[in-house]
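What follows is a single structure, written as structure tokens, with notes after it.
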Protein chains: 2
Amino acid sequence: MTRILVVDDEPQLARGLSVNLSARGYEVDVAGDGRTALELSVAHRPDVVVLDLGLPDMDGADVINGLRAWSEVPIIVLSARGQETDKIAALDSGADDYVTKPFGMGELLARIRAAERRSAPAEETPAVETEAFTVDLTAKRIVREGIEVHLTPTEWSLVEVLVRNPGRLIPQRQLLKEVWGPTYELETNYLRVYMAQIRRKLEPDPSRPRYFITEAGMGYRFEAAGRS
Amino acid sequence: MTRILVVDDEPQLARGLSVNLSARGYEVDVAGDGRTALELSVAHRPDVVVLDLGLPDMDGADVINGLRAWSEVPIIVLSARGQETDKIAALDSGADDYVTKPFGMGELLARIRAAERRSAPAEETPAVETEAFTVDLTAKRIVREGIEVHLTPTEWSLVEVLVRNPGRLIPQRQLLKEVWGPTYELETNYLRVYMAQIRRKLEPDPSRPRYFITEAGMGYRFEAAGRS
DNA sequence: GACGCGCGTCAAGGTTGCGTCAAGGTCCTA
DNA sequence: TAGGACCTTGACGCAACCTTGACGCGCGTC
């Protein structure tokens with residue numbers, strides 16, 4: 001199910017969009033300002049963001065940059081300003097599409113479908129298996145020795161980032177950005193605590209990790225084959 | 001270099017686009033009808049298609065379908081028709097974007113950049129190989145004789161600088177600046193210690209280096225082919 | 001043949017970063 | 001309002017990593 005984040009400071013329009021999108025079967029979040037938008041996108045991981053420019057607290061470009069710092073979610077910008085320079089600015093700061101008000105709901109929906117369609121094939125990894133456990137990315141399930149292992153939401157997003165890039169070293173900063181949001185880049189404590197938690201749940205011998213490997217001073221890596 | 005296919009039956013407009021895009025450093029193909037467009041896209045594999053609707057020989061949707069049958073290249077539709085139903089039809093048949101005429105060249109360029117940016121990350125990992133070991137720069141991983149070799153962060157940055165410039169001699173000062181920072185330009189001790197470490201881990205015979213070559217009094221060089 | 005220079009080698013410290021644990025704190029649900 | 005699940009925070013011990021200095025070797029110079 002596709003989750004959409006609507007960012008708009010006019011309650012009327014936001015509500016209209018929300019109702020329309022919900023009726024089409026989308027899961028909808030609404031944010032009235034930039035800060036809320038960034039927080040919600042960290043918490044709920046929308047598949048598409050519809051961003052109305054002219055928010056009370058932040059510049060449109062800053063919202064886009066805040067998102068792009070850690071996410072590649074498609075961003076569709078709405079704006080009353082039809083000047084070319086505005087469009088260029090928004091698109092070049094990382095937006096995927098720019099729709100000028102007034103616009104038809106049908107068009108917006110079609111553009112959302114287009115964005116959705118593009119990012120869909122990115123989900124190529126249905127399940128990752130190791131000798132010790134199996135991670136089903138789409139179903140969000142982990143099975144170990146026949147029984148299901150329960151992960152908390154934070155643990156899961158951390159595992160997800162690592163498992164989606166098997167063998168690749170992910171820098172601490174990137175992990176923190178993608179899991180906790182761009183303002184937590186330096187809170188390496190979190191990583192330590194949560195990696196321990198994950199290992200306790202998944203590693204055969206948590207004191208000697210085979211799958212979730214630490215690279216001191218750099219980051220962590222998931223080794224599908226298992227190590228040592 | 002990005003290759004763009006412009007599909008337009010008005011020679012004037014096609015030529016204008018072509019000149020503009022070429023001036024921006026794009027490689028441009030031009031097709032005057034749908035059949036040619038499909039042929040050219042098979043032959044030249046463009047990275048972006050700019051498609052003007054209202055071609056003489058084919059319906060716009062058919063061109064889009066013809067492309068989508070085998071390719072996921074971003075398609076930006078140009079059209080004089082601003083009706084919502086037209087936009088929806090084009091987007092739902094597989095177009096990525098829809099621009100209504102008249103439009104500004106700057107906007108079109110920005111939309112092309114956006115499309116380009118989205119499809120970019122499909123690149124492969126640039127791995128540097130020698131006979132003795134393989135360096136994967138993005139995954140930060142080195143494999144030697146089948147087993148992984150562990151490098152510390154400092155060792156990595158040093159290897160990275162050298163391997164990114166194969167065959168080229170890097171002066172000691174530059175290495176020290178890039179790895180330890182500008183205030184360490186004269187600490188050649190570090191280089192000696194770390195080069196030894198790296199050779200011990202990667203060279204088949206560390207006492208007679210084949211890949212990480214010393215140029216006395218000048219600097220170091222990475223030789224991908226191996227020497228002596 | 002003695003000396004200086006540049007490089008390679010080694011190992012002992014000091015420093016930083018990581019794993020671990022447990023005590024609050026917050027939010028949701030019953 | 002009480003309980004549980006989850007997240008945050010800080011302290012501590014240990015391992016990984018970096019720094020530093022001493023020594024040896026080869027080569028060119030005087």
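Keep in mind that the numbers below use all heavy atoms, side chains included, and drop hydrogens, waters and symmetry copies. A note on names: the letters A, B, ... follow the listed sequences, proteins ahead of strands, and every chain is numbered from 1.
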State whether A:Thr214 places a side-chain N or O below 4.0 Å from either non-bridging phosphate oxygen (OP1 or OP2) of D:dA16. no
Hey, does the side chain of A:His150 come within less than 4.0 Å of D:dC6's phosphate (OP1/OP2), counting only N and O? yes
Find the distance [X]:[atom1] to [N]:[atom2] and express it as a whole number of Å.
| X | N | atom1 | atom2 | value |
| --- | --- | --- | --- | --- |
| B:Met218 | C:dC7 | CE | P | 11 Å |
| B:Leu176 | C:dC7 | CG | P | 11 Å |
| B:Leu191 | C:dT9 | CG | P | 14 Å |
| A:Arg200 | C:dA22 | CZ | C1' | 11 Å |

Listed nucleotide nearest any side-chain atom of A:Gln172, set C:dT20, C:dC18, C:dG19: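 Output: C:dC18.
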As a test of reading the structure: which of C:dT9, C:dC7, C:dC21 is closest to the side chain of B:Ala196, going by heavy atoms? C:dT9
The contact string for nucleotides 18-26 of chain D, one letter per nucleotide 5' to 3', using protein heavy atoms under 4.0 Å with B, S and - for base, sugar-phosphate only and none, comes out as SBB------
Quick one: list whatever passes side chain to side chain contact (heavy atoms under 4.5 Å, CB included) with A:Ala216, sequence neighbours left out.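 Result, side chain to side chain contact (heavy atoms under 4.5 Å, CB included) vs A:Ala216: none returned.
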Listed partners of A:Ser22 passing side chain to side chain contact (heavy atoms under 4.5 Å, CB included), at least two apart: A:Ser18, A:Val28
Contact residues, residues 157-165 of chain B to DNA chain C [heavy atom, < 4.0 Å]: none
Determine whether more than 12 heavy atoms belonging to other residues, nucleotides or ligands lie under 6.0 Å from atom CD of A:Glu148. yes
When you compare the protein's N or O atoms with those of nucleotides 26-30 of chain C, which come within less than 3.5 Å of each other, and at what distance?
none

Could you list the donor-acceptor pairs under 3.5 angstrom formed by side chains in residues 54-62 of chain A, with sequence neighbours left out?
unit_1	atom_1	unit_2	atom_2	d
A:Asp57	OD1	A:Gly34	N	2.8
A:Asp57	OD2	A:Gly34	N	3.2
A:Asp57	OD2	A:Arg35	N	3.0

Would you say that A:Leu202 contacts A:Tyr211 through its side chain, given a criterion of any heavy-atom pair below 4.5 Å between the two side chains? no
